[in-house]
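In what follows, a structure is listed as structure tokens, so that the remarks can point back to it.
Because the structure is predicted, anything quoted here is derived from the model rather than measured. Quick note: numbers below take in every heavy atom, side chains included, and nothing from hydrogens, waters or symmetry partners.
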Amino acid sequence: MASVYDSVEVPEDGAAIEVVDAESDDLEVPDNPIIPIIYGDGIGTDVGPAAQTVLQAAAEATGREINWMRVFAGESAREKYDENLPEDTINAMKEFKVSIKGPLTTPVGAGFRSLNVALRKRLDLYTNMRPTFHLDGVPSPVSRPDQMDMVTFRENTEDVYAGIEWEAGTEEVEQVREFIEQEMGYDETIHDGPVGIGIKPISEFGTKRLVRKAIDYALEHDRDSVTLVHKGNIMKFTEGTFRDWGYEVAEEYGEEVITEDTLWEERDGEPPEDAVVVNDRIADNMLQQILTRTPQYDVLAMPNLNGDYLSDACGAQIGGLGIAPGANIGDGLFLAEPVHGSAPKYAGQDKVNPTAMILSGRIMLEYMGWDDAADLIRNALEETITSKQVTYDIERQISGGTKLSTSDFAGKVADTIYDLA
Ligand code: NAP
């Protein structure tokens with residue numbers, strides 16, 4: 001049933017994307033879908049419209065059109081609705097299934113909790129997926145950035161991001177301390193004096209649905225392996241169990257998924273054709289392996305905090321925050337979002353790089369099955385960047401580049417899309 005909206009309008013010409021099967025993300029996508037967009041805070045008002053320009057060009061160049069439905073969160077929502085995350089926004093994302101957002105500012109230490117986390121929780125977008133690959137022409141701190149081609153699947157709803165924590169000096173934290181020390185027997189484990197305490201839940205349900213998404217992705221996209229990244233040597237009953245449940249999921253798949261142990265014990269390291277190998281690595285080791293053995297890794301599945309660190313470390317190899325895209329995925333619900341934040345010091349200057357937001361939109365088009373449009377975007381970005389027409393962040397790292405504004409860069413990429421189509 002269509003939602004009723006208080007302060008935003010549904011575009012008249014578009015049609016809604018329908019979900020055929022939520023668990024397998026099977027969609028019916030019209031050629032004129034309605035797509036909700038949140039520009040976001042800070043540089044969101046720069047990169048949001050820039051991404052729209054490029055995504056619309058890719059849609060038009062492949063015989064389609066996107067009907068944007070602008071919805072609000074953060075600063076712009078406070079102005080329009082006097083609240084951070086209005087129901088209009090949640091309803092639009094639920095009704096139209098596939099959406100895109102820019103960054104939202106989160107105050108550190110005090111104030112409201114992260115709106116990004118709230119959105120992911122309200123919509124049960126339990127997977128944060130980040131494909132990290134190198135675009136030709138983008139400068140990188142490593143000598144072979146082209147070897148980086150990993151996709152991280154990060155659990156989005158639990159672990160330390162569940163937000164179960166108590167502030168030092170409160171009555172609640174002292175109750176928790178007393179329970180831990182006296183009832184649970186961890187006497188003298190917590191230092192005397194003020195302390196903050198947080199809880200890290202990792203459930204079988206949360207782990208298994210995340211690992212299934214990662215393995216399904218690997219099978220669908222002909223990837224060779226899925227690596228479970230954990231710190232189970234230290235946190236045995238949370239991170240360690242994440243690994244164990246991950247392997248249980250691998251067993252559900254039959255012959256098309258094989259564990260690394262079985263591969264070596266029974267097949268001398270030779271995987272069956274088209275099979276996905278599931279292995280696991282400890283998180284600190286993995287942080288160096290992504291640098292030292294980059295080509296060996298493919299899809300990574302991990303709890304929330306490991307995913308936060310690992311995906312940014314992968315992103316650094318391909319050019320950093322101006323480039324790194326992401327998406328949040330539930331069952332039949334999708335929200336694209338760049339990895340970067342709202343970079344308040346650059347807000348409204350038409351200066352920053354919109355590539356991360358454009359590439360996030362590209363993941364969205366792939367999710368919708370518009371692979372031809374997605375390919376055009378990648379090709380046009382590479383052509384524009386290799387011609388050294390770039391935004392400030394890339395221009396300062398190369399010689400002979402032309403520095404473009406956010407909107408001019410997006411315009412060049414859109415023109416290149418029409419030329420290539
Ligand atoms: P940030 O906004 O990502 O910015 C950090 C630095 O990264 C910038 O100063 C800039 O570096 C570079 N950068 C980021 N986006 C860029 C772009 N599009 N083009 C070129 N360079 C870019 O991180 P932050 O300053 O830590 O966070 C600011 C706010 O954003 C915080 O409130 C944070 O909570 C929030 N945040 C939101 C999200 C989200 O909405 N998903 C994610 C992360 C952070 P240079 O100064 O070197 O040019």
Side-chain angles (χ1 to χ4, degrees), residues 17 19-27 90 93-94 97-99 114 116-131 150-164 199-221 223 225-232 235 237-254 256-259 276-281 283 298-308 310-311 326-337 363-364 366-368:
I17 291 174
V19 174
V20 180
D21 178 49
E23 221 169 285
S24 61
D25 296 301
D26 187 4
L27 308 179
I90 299 288
M93 290 180 166
K94 283 186 179 161
K97 313 294 183 206
V98 174
S99 317
S114 164
N116 301 300
V117 175
L119 255 177
R120 293 169 198 168
K121 279 195 184 162
R122 288 283 310 271
L123 297 166
D124 199 22
L125 299 166
Y126 59 86
T127 303
N128 182 256
M129 186 258 236
R130 293 181 182 173
M150 296 182 204
V151 186
T152 54
F153 282 75
R154 165 190 176 201
E155 208 289 329
N156 238 351
T157 63
E158 49 182 18
D159 192 2
V160 288
Y161 269 50
I164 311 174
I199 285 194
K200 175 186 174 73
I202 290 195
S203 68
E204 178 177 11
F205 173 72
T207 300
K208 287 193 165 175
R209 65 180 182 168
L210 181 269
V211 175
R212 265 183 218 114
K213 274 265 190 280
I215 294 179
D216 287 346
Y217 178 93
L219 287 166
E220 271 164 38
H221 292 82
R223 295 286 187 151
S225 66
V226 173
T227 302
L228 308 167
V229 185
H230 60 88
K231 190 74 187 158
M235 292 172 272
F237 306 130
T238 48
E239 303 255 335
T241 317
F242 175 90
R243 180 202 59 184
D244 297 344
W245 283 324
Y247 278 124
E248 282 179 22
V249 172
E251 278 169 22
E252 291 170 8
Y253 283 80
E256 52 186 357
V257 176
I258 184 170
T259 66
V276 168
V277 176
V278 175
N279 54 24
D280 74 279
R281 298 288 182 267
D298 213 333
V299 175
L300 314 179
M302 57 209 129
N304 194 289
L305 189 62
N306 299 340
D308 202 8
L310 250 302
S311 55
N328 300 295
I329 311 172
D331 288 333
L333 267 192
F334 180 99
L335 175 60
E337 100 181 302
I363 309 174
M364 178 177 87
E366 283 182 328
Y367 182 77
M368 288 158 52

Without swapping roles, check the side chain of [X] against the backbone of [Y] for a donor-acceptor pair under 3.5 Å.
| X | Y | result |
| --- | --- | --- |
| D26 | V20 | no |
| K213 | G330 | yes |
| E158 | S203 | yes |
| K231 | T238 | no |

Measure the spacing between [atom1] of [X] and [atom2] of [Y] and express it to the nearest 0.5 Å.
| X | Y | atom1 | atom2 | answer |
| --- | --- | --- | --- | --- |
| R223 | M150 | CZ | CE | 10.0 Å |
| K121 | S114 | NZ | OG | 9.5 Å |
| N279 | T259 | CG | OG1 | 9.5 Å |
| I90 | L123 | CD1 | CG | 4.5 Å |
| R281 | M302 | CZ | CE | 13.5 Å |
| L27 | Y367 | CG | OH | 5.0 Å |

Check whether any side-chain heavy atom of [X] sits under 4.5 Å from a side-chain heavy atom of [Y], and report yes or no.
| X | Y | answer |
| --- | --- | --- |
| V211 | F242 | yes |
| Y217 | V226 | no |
| E366 | H221 | no |
| L119 | L125 | no |
| I202 | T207 | yes |

For this session: Kindly indicate, with the supporting measurements, whether the criterion side-chain contact (heavy atoms from CB on, under 4.5 Å) is fulfilled by V257 and V278.
Result: CA-CA 7 Å; V257 176; V278 175; 3.5 Å; yes
Exercise. Does anything in residues 201-210 pair up under salt bridge (charged side-chain N to carboxylate O under 4.0 Å, His left out), and if so which pairs, sequence neighbours excluded?
Worked result: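 Checked against salt bridge (charged side-chain N to carboxylate O under 4.0 Å, His left out) - neighbours excluded - the pairs reaching residues 201-210 are D124-R209, E204-K208, K208-E248.
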Over all heavy atoms of both residues, which pair between [X] and [Y] is shortest? Give the atoms and the distance, please.
| X | Y | answer |
| --- | --- | --- |
| K200 | D159 | NZ-OD1, 2.5 Å |
| M364 | S99 | SD-O, 3.8 Å |
| V19 | G332 | CG2-O, 3.4 Å |
| R154 | G307 | CD-C, 3.6 Å |
| L210 | A301 | CD1-CB, 4.1 Å |
| I164 | P201 | CD1-CG, 4.1 Å |

For this session: Have a look at R130 and tell me which of V151, I363, T152, L310 forms a side chain to side chain contact (heavy atoms under 4.5 Å, CB included) with it.
Result: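 Result for side chain to side chain contact (heavy atoms under 4.5 Å, CB included) with R130: T152.
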For this session: Assess whether side-chain contact (heavy atoms from CB on, under 4.5 Å) is satisfied between D216 and Y253, documenting all intermediate values.
Result: CA-CA 10 Å; D216 287 346; Y253 283 80; 2.7 Å; yes
Problem set entry | Qualifying residue for side chain to side chain donor-acceptor pair (under 3.5 Å) with Y126, from T157, N328, D331, N156 |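 Going through T157, N328, D331, N156 one by one, the side chain to side chain donor-acceptor pair (under 3.5 Å) with Y126 is satisfied by D331 alone.
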Problem set entry | Ionic contact status for R212 with E23, cut-off 4.0 Å |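 Answer for the salt bridge query: no.
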